[in-house]
Amino acid sequence: MIRLFNSLTQQKEPFAPRDPGKAGIYACGPTVYNLVHIGNARPYVVFAVLRSWLRRRGLDVTLVTNITDVDDKIITKANAEGRPASAVAEEFTAAYVADTDRLGIARPDVEPLATETIPEIIDLVCQLVSSGHAYPAHGSVYFRVRSFDEYGKLSKQRIDQLEEGVRVDAEPGKADPLDFAVWKAAKPGEPAWDSPWGMGRPGWHIECSAMGLRYLGAGFDVHGGGRDLIFPHHENEIAQSEAAGLPFAKVWMHNGMIRSDGEKMAKSVGNIFLLREVLDRYEPAVVLMYFLTTHYRSPLEFSTEKLDEARAAYGRLADALAELEFRIANAARAATQGEWPDLSLRAETARMAFAEQMDDDLNTAAAIGELFALVGEAHRYLAEVDRGAAPLDSGALEAVREVLLDSLDALLVPAPGADGLVTSVGSVAGAAGDVCVTGDVAMMPAVRMAEDGRWDDVSLVYADRLECGDASYACVLRDHYRETRDWTSADRLRDEIQAAGFDVRDTPQGTQVMRKS
RNA sequence: GGCGGCGUAGCCAAGUGGUAAGGCAGAGGUCUGCAAAAUCUCCAUCGGCGGUUCGACUCCGCCCGCCGCCUCCA
């Protein structure tokens, strides 16, 4: 059973989709007036993972993420730069798509533009006006906050208290300072659309209501976004939708803020790190691990140390996967082979534990912990095998690998190898033959040469091949040196292989290489 | 001031009414031609003070510290 923490009720609730077998998620997207920073990327990742997990659980999921391409900030920027607002919006929409694409996770299913939702927005405003929840003034239309009894139910605010803290608002037509614009009269030069109240544009908040209702329908399942949007943005979305007689989202999910130097990362604070800057230095897999090793509701500190830790953690997973790959491929040469049910069983319990954690309010941090626990088990088992205390059960190893790979897939974290982290793993036993290769078939020629004892030929080509990223000849040669106890040559060759960008490990099965991460 | 949240080892981070996952770092051991990797052992009583309970880190109250929102903000 999937349970999600609902900000509305402030507790975890069993997830009960409106339409059995389906799930509709609306996650607030960017206002395109600037480049996305790492804080903006968190919800993008979180809700993509939520979608992924719900799909795993057999639901037909639709994830909608808006792009707000008409807004005060866009207009302000456009005016400052002396170009049309649409030019600013287009530039940063493209940048947003390009930057988030680099994460390598699938895009939302629907990415509507506010400017393509104007008719729906006007309809909604009309309904609010005709039902008395909103009133026109000076070409704008304001939502009458006090007309909606449940105002404040999400942010747990009471209207009276909000009233006390409210700041002086210069807008003349407002009946109450708390009221907010659902439609704004256009000033000269601003983007504007015709409406019953004259030329104007949507207020902030209203586009999300209109888009959510348009693509997911009333009473849709999940609405998500950053914690900082709870008030007023989400509160107002609820008010203007439900006052119009349209039940809004059933479950509200809010991700914690990313902090930098203990403070929320925000453009206004100036402590932002752009997503593209981070991706220039860290692989997508590492950035995703960084996000997912902390629960989505917790605040997350941004620092290169944390990113480096995420890289180390991912490296441990990558190493384990490479090791499994290597052992499975070399199974035929194990001293003894046989069943080892303990490990197969452990793989299965890990799979279930992972799923339970994911079901429990998308606890990716704990779920990843289960993966590491499994990795530890596998390594311990392999040590037993090397000590001759257990037979090699390649089926069990495959089961472990499968769980690891499948879990990473659920988390949208690319498996090592998929992004070039591990390109080839191989080994050659000794001059006598008894050869095993994994990964790259390009290794085969090297292996054949080795089998034939053509060491001169291998020596001739290994350096060039190494330069091209094929370490197979060097591996074969190094095994030969080790076989003949020529440690000087073996060590020198290891240095060369490492210099070519590989990690080198000596194993009972031979030299093992992995492309350095 | 109002509302919400957080405070777990050197750092990061899960978690539970019955004596604390996992990652990083550190110390020592094993393995290894050397190395790397791995593995083993060690390293917290859960901000503070009370209360409820057979028993709390987990529930309640108060206090301290930090953060978010109340204005644009993922």
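Chain letters run A, B, ... following the sequence lines, proteins first, then strands; residues in each count from 1.
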Base [N] paired with [X] side chain (donor-acceptor, <3.5 Å):
X      : N      : answer
A:R478 : B:rG33 : yes
A:D386 : B:rC31 : no
A:R494 : B:rC34 : yes
A:N363 : B:rG15 : no

Can you sort out which residues in residues 346-353 of chain A have a heavy atom within less than 4.0 Å of RNA chain B? Ascending by number, please.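 The answer is none.
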Under 4.0 Å from any atom of RNA chain B, heavy atoms only: list the residues of residues 96-110 of chain A that qualify, in numerical order.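 Contacts with RNA chain B under 4.0 Å: none.
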In whole Å, measure the gap between the [atom1] atoms of [N] and [M] for me.
N      : M      : atom1 : answer
B:rC72 : B:rC64 : C1'   : 32 Å
B:rA25 : B:rC31 : P     : 23 Å
B:rC46 : B:rU58 : C1'   : 9 Å
B:rA21 : B:rG29 : P     : 27 Å
B:rA44 : B:rC57 : C1'   : 11 Å
B:rA36 : B:rU45 : P     : 33 Å
B:rG68 : B:rA13 : P     : 16 Å
B:rA38 : B:rU19 : P     : 31 Å

Do the ring centers of [X] and [Y] come within less than 6.0 Å of each other?
X      : Y      : answer
A:F302 : A:F273 : yes
A:F220 : A:F248 : yes
A:H205 : A:H234 : no

Rounded to whole angstrom units, what separation is found between the OH atom of A:Y296 and the P atom of B:rA14?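 Checked: the OH to P distance equals 12 Å.
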Quick one: which of [options] gets closest to the side chain of [X]?
X      : options                : result
A:L162 : B:rA74, B:rC70, B:rA38 : B:rC70
A:E309 : B:rC24, B:rU39, B:rG15 : B:rC24
A:N255 : B:rA74, B:rC34, B:rA13 : B:rA74
A:D506 : B:rA74, B:rC34, B:rC70 : B:rC34
A:Q161 : B:rA74, B:rG2, B:rG5   : B:rG2
A:Q157 : B:rC3, B:rA13, B:rA74  : B:rC3

Consider side-chain contact (heavy atoms from CB on, under 4.5 Å). Of A:V182, A:L178, A:D176, which one does A:F180 pass it with?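 The option that passes is A:V182.
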5' precedence on RNA chain B between A:G39 and A:Q357 (nearest-nucleotide basis):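 With A:G39 and A:Q357 compared, the 5'-side residue is A:Q357.
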Would you kindly compare A:A313 and A:E377 by the position of their nearest RNA chain B nucleotide and give the one closer to the 5′ end?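 Whichever sits nearer the 5' end wins; that is A:A313.
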Could you write out RNA chain B as dot-bracket? Rules: Watson-Crick or G-U wobble, both distances under 3.5 Å, brackets [ ] for crossings, | for pairs with another strand, dot for unpaired. (((((((..(((.....[...))).(((((.......)))))....(((((..]....))))))))))))....
Under a 3.5 Å threshold, yes or no: a donor from one side chain and an acceptor from the other, between A:S155 and A:E235?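 Yes, because at least one side-chain N or O of A:S155 sits under 3.5 Å from a partner of the opposite role on A:E235.
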Any stacking of A:F372 on B:rG22, going by centres under 5.5 angstrom and planes within less than 30 degrees?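 A:F372 ring does not meet the centre or angle cut-off for B:rG22; no stack.
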Is it the case that A:K12 places NZ or CZ above or below the six-membered ring of A:F5, under 6.0 angstrom from the centre and within 45 degrees of the axis?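 No; the conditions do not both hold, so A:K12 does not lie above the ring face of A:F5.
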Kindly confirm or rule out a cation-pi arrangement of A:R107 over A:Y96, judged by NZ or CZ under 6.0 Å from the six-membered ring centre and within 45° of its axis?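 Yes - A:R107 lies over the ring of A:Y96, closer than 6.0 Å to its centre and within 45° of its axis.
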Counting just side-chain N and O atoms, does A:K306 come under 4.0 Å of either OP1 or OP2 of B:rG23?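 For B:rG23, OP1/OP2 do not have a side-chain N/O of A:K306 under 4.0 Å.
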